[in-house]
Amino acid sequence: MPILNSKKVCIFLFSLIVFTCTSLVAQPLLEEKPETLQQLRIVSLSPNVTETIFALGGGDLLVGRSDFCNYPLEVEAIPSVGMLYTPSLEKILSLEPDVVMSSTSISDQLHESLTKAGVEFLFIDYEENFIGTYTLIREIAQRINRVEKGELLILEMQNKVKEITERARLMQKPSVYLMIDFGSFDGTATGDTYLSQMLEMIGADNIAKDATKWTYSKELLIEKDPDLIIISPRWGETFEQTSALFASTKPYSDLRATKEGNLVPIDADLISRQGPRSAQALELLAKAVHQKAWL
Amino acid sequence: MNTRISVVLFFLVCFLGLLALTLGPANISVLETIKILLGKGELDSQTYIIFSLRLPRVITAILCGAILGGAGAVFQASLRNPMADPFVLGVSAGASFGVALSITLGFSAFLGLPISALLGAVCTTLLIFLIGSKHRVSQTSLLLTGVAANYILSAAMTLLMFINHQHYERILFWTLGSFSSSTWEQVFYTFVCALIFFIPLFLHHKEMDMMLLDEGSALSGGLSLRRMRLFLLLLSTFAVSTCVSFFGVIGFIGLMAPHITRLLVGPKHKKMLLPTCLFGSLLLLGSDTLSRILLPTGEMPVGVITSLLGAPLFIWMLRKGRNSYV
């Protein structure tokens, strides 16, 4: 009897072990399986789309990005498929995405090749204003099934924008020039751009509001002689490098703002991307323009 | 005839220069411009615009135009080819490649852009000279060599821009050309460069005529032609590369100016050199003024306008088969 008893105990113990092991192993599998089956694989070709996906909590869906996607820091772990306009088709396909998203149009050939390979291409078109930014967020939220989170994010942004514009209305209106490029070609936020709208919203008088197509002329810059110059560091340069070059180049060195040291930095990526950080960008711009008065 | 044309051209350049001073995005009337020039300007900003932005620009355009026109004449005589010009043959592209390379490698500070431009241009000129003067080459093969040189250099430039996107726009500027950021410093350097170029050029007008003769007659004239050719070619390469390092590549002035002048005064260099230079100034000043006023607030690269003017002439010359001098 005692033998039988110990046999029973052995069998019992063995089955117990097997059961715990299988349940331990099976548990996550059972839980995860439906999700892995459904989990989208996304390649984003635009920095603002990448930012939006992360802001909606969908960072783990991203399997590929462009060279220019640099925010948030987690994107560095995601493989890049190349540049904005010339991504590598091979690299994209090797990542086996379900959908490729972009806010800038891609070439027809690339679009066709993606469709042929059975990959969906989602081109997100939006207006160049805050309403457009909300459209972008809403569209992405819908595609990745995070509608509620998207609406919450939009509401948050709307409140912040409202707060900023109302505060700015009560402040003085300094004349401002937003320097994007200088030297042989003067690049600025002209009246037809989203950046110029942002400047108006925060109560700045953009001297280039009558110009179009991102270009301005030195003559008008000298004539209007703004109170403040916002410097967006040029590609590959820091604010210190760009502003030092700007301040030592004629005719910019003779501008009132340069002489009085009214050159303020702004993060070029932050202000140029329409996305979840746009409200934050607006606030930074307001701080840069109104400085102490804003604090 | 010769002096009369030069005088007319000189006054045209002066007139256009004064006119260009009154034109631009900032609205300054003719009357106000005259007041400012006489030192009676009322607004500081307008005085600044006239004296620090427009005047240096007008002067550099005049000097550069003269240099490019003269260099065109030298290239055409030295290579005995009326279609030759530093732009068409890729010498300007060589200079801009030198500039782009030194920007990319970060040498721009201590080597200086003019020196790297000169190195790039001299290499291209030597290549053209070796091909163009060793044995008689047909006009087409010389031009095709230029086309090939242009292709290679532009591919290399694209490669440089591709590797370094952060320098993309600065490199792109050298391929288009613009006088928008002219300063008095550049006026000074361009003027010195023009003097170094023009004095020997005007002294050697006879030799340039000899170069146009066939090799046999030139040798019997007792002239060491090959050396003189190389000297004049390198001299104009130096002048052109300096212009490129400051203002970028500006095409076709060196082709248009000598060609039109030759139609007016004939091929003798004594007669045609001065009007050619003046004509170059007139063309470039006109193009630059257009580039300033065509867009209401921004600016167009001047190279675009000179190419729009020059390329049709180039095609017309090819079709007409202007293989020989008028």
Side-chain angles (χ1 to χ4, degrees), chain A residues 66-68 70 82-86 175 177 180-193 196 206-226 232-238 241-242 245-246 248-256 258-259 268, chain B residues 21-28 43-54 56-57 103-104 106 108-109 161-187 246-248 291-303:
Chain A
S66 77
D67 279 351
F68 299 95
N70 55 3
M83 294 211 277
L84 221 52
Y85 303 105
T86 52
S175 64
Y177 179 73
I180 294 171
D181 198 8
F182 67 95
S184 45
F185 294 103
D186 290 282
T188 189
T190 45
D192 54 345
T193 64
S196 179
N206 180 13
I207 63 162
K209 59 175 177 283
D210 300 326
T212 54
K213 306 239 188 306
W214 299 98
T215 55
Y216 207 53
S217 81
K218 292 180 182 61
E219 291 188 3
L220 292 175
L221 182 56
I222 292 287
E223 197 175 52
K224 303 234 166 119
D225 208 11
S232 154
R234 295 196 291 189
W235 211 353
E237 287 178 359
T238 62
Q241 286 169 327
T242 306
L245 257 170
F246 182 82
S248 61
T249 308
K250 283 220 170 228
Y252 314 103
S253 51
D254 295 318
L255 288 167
R256 190 162 48 90
T258 316
K259 281 186 193 153
Chain B
L21 281 180
T22 68
L23 296 169
N27 251 329
I28 304 176
L43 280 169
D44 279 353
S45 69
Q46 292 190 342
T47 313
Y48 188 91
I49 289 171
I50 296 285
F51 278 113
S52 300
L53 295 180
R54 289 188 188 169
R57 192 172 178 161
I103 290 179
T104 313
S108 44
M161 292 194 262
F162 199 77
I163 297 170
N164 293 264
H165 350 235
Q166 65 260 53
H167 296 305
Y168 178 81
E169 278 170 24
R170 260 162 282 170
I171 296 176
L172 189 68
F173 157 69
W174 267 281
T175 64
L176 296 172
S178 162
F179 288 99
S180 129
S181 48
S182 304
T183 58
W184 283 109
E185 224 179 357
Q186 287 174 340
V187 171
F246 289 146
F247 313 110
S291 82
R292 233 165 1 132
I293 58 174
L294 279 183
L295 298 178
T297 49
E299 263 204 37
M300 214 183 256
V302 66

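The model shown is predicted, which means the values in this text are computed figures rather than measured ones. Residue numbers begin at 1 in each chain, while the letters A, B, ... track the order of the sequences.
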S.K.: As an exercise: rank Ser178(B), Ser182(B), Gly24(B), Pro25(B) by heavy-atom pairs under 4.5 Å with chain A and give me the winner.
M.R.: Pro25(B)
S.K.: Which region of Asn27(B), side chain (C-beta onward) or backbone (N, CA, C, O), has a non-hydrogen atom less than 4.5 Å from a non-hydrogen atom of chain A, or is it both or neither?
M.R.: backbone
S.K.: Between Ser184(A) and Phe247(B), is any pair of side-chain heavy atoms under 4.5 Å apart?
M.R.: no
S.K.: Would you say the side chain of Leu53(B) lies within less than 4.5 Å of the side chain of Pro251(A), judging by non-hydrogen atoms?
M.R.: yes
S.K.: Enter the distance from Phe182(A):CZ to Ser180(B):OG here, rounded to the nearest 0.5 Å.
M.R.: 12.0 Å
S.K.: Is Thr183(B) in contact with chain A via its backbone, its side chain, both, or neither, using a 4.5 Å heavy-atom distance?
M.R.: side chain
S.K.: What option among Lys224(A), Arg234(A), Lys213(A) has the most heavy-atom pairs under 4.5 Å with chain B?
M.R.: Arg234(A)
S.K.: Are any of the side-chain nitrogens in Arg292(B) or Glu219(A) under 4.0 Å away from the carboxylate oxygens of its partner?
M.R.: yes
S.K.: Would you say that more than 12 heavy atoms from the other residues, nucleotides or ligands in this model lie under 6.0 Å from the CG of Asp44(B), or not?
M.R.: no
S.K.: Could you grab the distance from atom OH of Tyr48(B) to atom NZ of Lys250(A), nearest 0.5 Å is fine?
M.R.: 4.5 Å
S.K.: Rounded to the nearest 0.5 Å, what's the gap from CG on Leu220(A) to OG on Ser45(B)? Could you check?
M.R.: 10.5 Å
S.K.: What are the two closest non-hydrogen atoms of Ala26(B) and Glu223(A), and how far apart are they?
M.R.: CB-OE2, 3.7 Å
S.K.: Verify the neighbour count for atom CD of Glu185(B): are there more than 12 heavy atoms of other residues, nucleotides or ligands below 6.0 Å?
M.R.: no
